[in-house]
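In this text, all values refer to a predicted model and were calculated from it rather than measured experimentally. Just so it is clear, the values below take in all heavy atoms, side chains as well, and ignore hydrogens, waters and symmetry mates.
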Amino acid sequence: MTHESEPPAHGSASEPDELRDKVERTRAELGETVEALAAKADVKARAKDRAAHVKEQASEAVDTARTKVSDVAHQAQDKLSGPAGSEAARSARDPRAIALLAASAGTLVLWLARRRRKK
């Protein structure tokens with residue numbers, strides 16, 4: 001008993017091709033999912049990425065602090081006058097003083113970041 005009344009499957013010649021395409025898409029999606037899960041499971045790489053991010057943030061904070069310190073030093077230089085003013089102006093232009101202030105600001109930022117992370 002054959003079912004001659006049923007019409008032939010529409011596009012039956014392309015069904016295998018469609019299935020192959022679907023399987024390939026599914027494999028690609030599965031591969032991406034596995035890669036994402038592997039990346040999340042790689043604690044060492046994630047820690048390195050986080051450390052690099054924190055280092056970059058600290059560097060930006062130091063640069064910002066250095067700029068602010070330089071601006072404040074220039075403002076103080078403009079306000080001061082006389083021998084005390086010229087001494088303050090020399091120390092404000094001293095790269096060691098600026099570096100010390102920037103390093104202090106960077107240390108403060110790192111300390112605050114670690115303190116925040118522990119909470």
Q: Just verifying a value: how many Å separate Thr67 OG1 and Asp63 CG, rounded to the nearest 0.5 Å?
A: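 Going from the OG1 atom of Thr67 to the CG atom of Asp63 covers 6.5 Å.
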Q: How long is the straight-line distance from CG of Leu19 back to CD of Glu24, given to the nearest 0.5 Å?
A: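 Going from CD on Glu24 over to CG on Leu19, the span is 12.0 Å.
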Q: Could you tell me whether a side-chain N or O of Ser70 sits under 3.5 Å from a main-chain N or O of Arg66, the two making a donor and an acceptor?
A: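 Side chain of Ser70 to backbone of Arg66: no pair is present.
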Q: Atom CG in Leu112, atom CZ in Arg114: separation rounded to 0.5 Å?
A: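 Taking CG in Leu112 and CZ in Arg114, the distance rounds to 12.0 Å.
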Q: Testing the basics here: between Val62 and Gly106, what is the closest heavy-atom pair and its distance to 0.1 Å?
A: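 Residues Val62 and Gly106, closest heavy atoms: CG2-CA, 3.5 Å.
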Q: Mind checking the CG-CG spacing from Asp42 to Leu37? Nearest 0.5 Å is all I need.
A: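 Rounded to the nearest 0.5 Å, the CG-CG separation comes to 12.5 Å.
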Q: Could you give the distance from NZ (Lys22) to CD (Glu18), rounded to the nearest 0.5 Å?
A: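 The NZ atom of Lys22 sits 10.0 Å away from the CD atom of Glu18.
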Q: Got a sec, which residues hit side-chain contact (heavy atoms from CB on, under 4.5 Å) with Ala105, two or more places apart in sequence or on another chain?
A: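 Partners of Ala105 under the side-chain contact (heavy atoms from CB on, under 4.5 Å) test: Ala65.
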Q: Answer yes or no: is there a donor N or O on one side and an acceptor on the other, between the side chain of Arg46 and the main chain of Lys40, under 3.5 Å?
A: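 At least one qualifying donor-acceptor pair exists.
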Q: Sequence neighbours left out, what passes side-chain contact (heavy atoms from CB on, under 4.5 Å) with Asp49? Give chain and number order.
A: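 None.
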Q: What's the spacing between Lys55 NZ and Leu110 CG if we round to 0.5 Å?
A: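 It is 11.0 Å, given to the nearest 0.5 Å.
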Q: Between the side chains of Lys68 and Asp71, is the shortest nitrogen-to-carboxylate-oxygen separation below 4.0 Å, so that they form an ion pair?
A: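 Here Asp71 does not pair with Lys68 in a salt bridge, since their nearest N and O are not under 4.0 Å apart.
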